[in-house]
Amino acid sequence: AVAAEPEKTAPEKVATDNDQLSRIFAGSDEADKLAALTTLDKDQASRMLSLLQKLFSGRETSAEIRVAILHSLGRLRLRGLEDAAVKLIANPNVGLATAAVEYLGEVDPDAIFPYLGQCLKIADVRMKSAALGILKNFDFNQALSSLNAMLRSADPTAENGYSMHGAVR
């Protein structure tokens with residue numbers, strides 16, 4: 001008879017989870033990576049944040065994996081990709097740009113607010129929906145006033161310094 005493996009302690013389980021996730025993110029096929037990303041919990045994602053950041057910025061990383069990373073970290077409200085997400089707002093891949101907008105809406109609404117006018121000008125329904133979803137979280141009158149100014153401006157971040165509350169910084 002084969003002896004049953006002893007139950008792992010919490011630190012041993014964490015180490016095993018980290019090892020498994022590291023192997024998946026480092027070398028598995030895309031389907032395995034996507035599956036792992038959709039099931040990450042906050043503790044796992046926090047422990048794996050530097051690996052996820054590295055995967056996100058990797059040259060070989062597909063847009064689909066980047067979208068999944070943004071969705072996972074946004075769902076868990078984990079910061080760490082704000083600068084990269086801001087740069088993706090104008091990406092020609094609208095799915096990736098929309099994921100970046102949604103991520104910023106979850107973790108750093110101040111960072112996305114100046115770009116909401118630009119997002120609403122994009123013809124894609126998903127992008128408009130994401131922008132409107134974020135906009136509804138702001139004070140309506142101040143947001144509307146700032147949004148009108150942004151829509152009239154060609155530069156989404158114009159020198160106005162709009163913030164989440166519609167106040168000028």
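The analysis underlying the following values was restricted to heavy atoms, covering all of them including side chains, and did not include hydrogens, waters or symmetry mates. Quick caveat: nothing in here was measured; it's all calculated off a predicted structure.
Of the inter-residue distances, the one linking K33 atom NZ with S62 atom OG reads 8.0 Å to the nearest 0.5 angstrom. One finds the CZ atom of R79 at 13.0 Å from the OG atom of S46 (value rounded to the nearest 0.5 Å). The distance from the CZ atom of R66 to the CG atom of L37 is 12.5 Å, given to the nearest 0.5 Å. Separation of atoms CG (L135) and CG (L120) is listed at 7.0 Å; rounding is to 0.5 Å. Atom OG of residue S57 and atom CG of residue L81 lie 8.5 Å apart, to the nearest 0.5 angstrom. To the nearest 0.5 angstrom, D32 atom CG is 12.0 Å from R23 atom CZ.
Shown here are the salt bridge (Lys or Arg N to Asp or Glu O under 4.0 Å) partners of D124, two or more places apart in sequence or in another chain: R126. Partners of R77 by side chain to side chain donor-acceptor pair (under 3.5 Å), not counting sequence neighbours, listed by chain and number: E106.
Between V107 and L73, the closest side-chain pair of non-hydrogen atoms is not below 4.5 Å. Looking at L70 and E102, their side chains never come closer than 4.5 Å, going by heavy atoms from C-beta outward.
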With a cut-off of 3.5 Å and sequence neighbours excluded, list every side-chain donor-acceptor pair involving residues 85-96.
| from | atom 1 | to | atom 2 | distance (Å) |
| --- | --- | --- | --- | --- |
| N91 | OD1 | N93 | N | 2.7 |
| N93 | OD1 | G95 | N | 3.0 |
| N93 | OD1 | L96 | N | 3.0 |

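Of all the heavy atoms in P109 and G105, the pair that sits closest is CG-O, 3.6 Å. Heavy atoms only, all atoms of each residue included: L40 and A45 are closest at CD1-CB, 4.2 Å. Scanning both residues, M127 and V101, for their nearest heavy atoms gives SD-CG2, 3.7 Å. Between L104 and I112, the shortest heavy-atom distance links the atoms CB-CB, 3.8 Å. Residue G80 comes nearest to Y103 through the heavy atom pair N-OH, 3.2 Å, listed as atom of the first residue, atom of the second, then distance.
Within 6.0 Å of atom CG in D83, 12 or fewer heavy atoms from other residues, nucleotides or ligands are found, so the atom counts as exposed in its surroundings.
Between the side chain of T39 and the backbone N or O of A36, at least one donor-acceptor pair lies under 3.5 Å.
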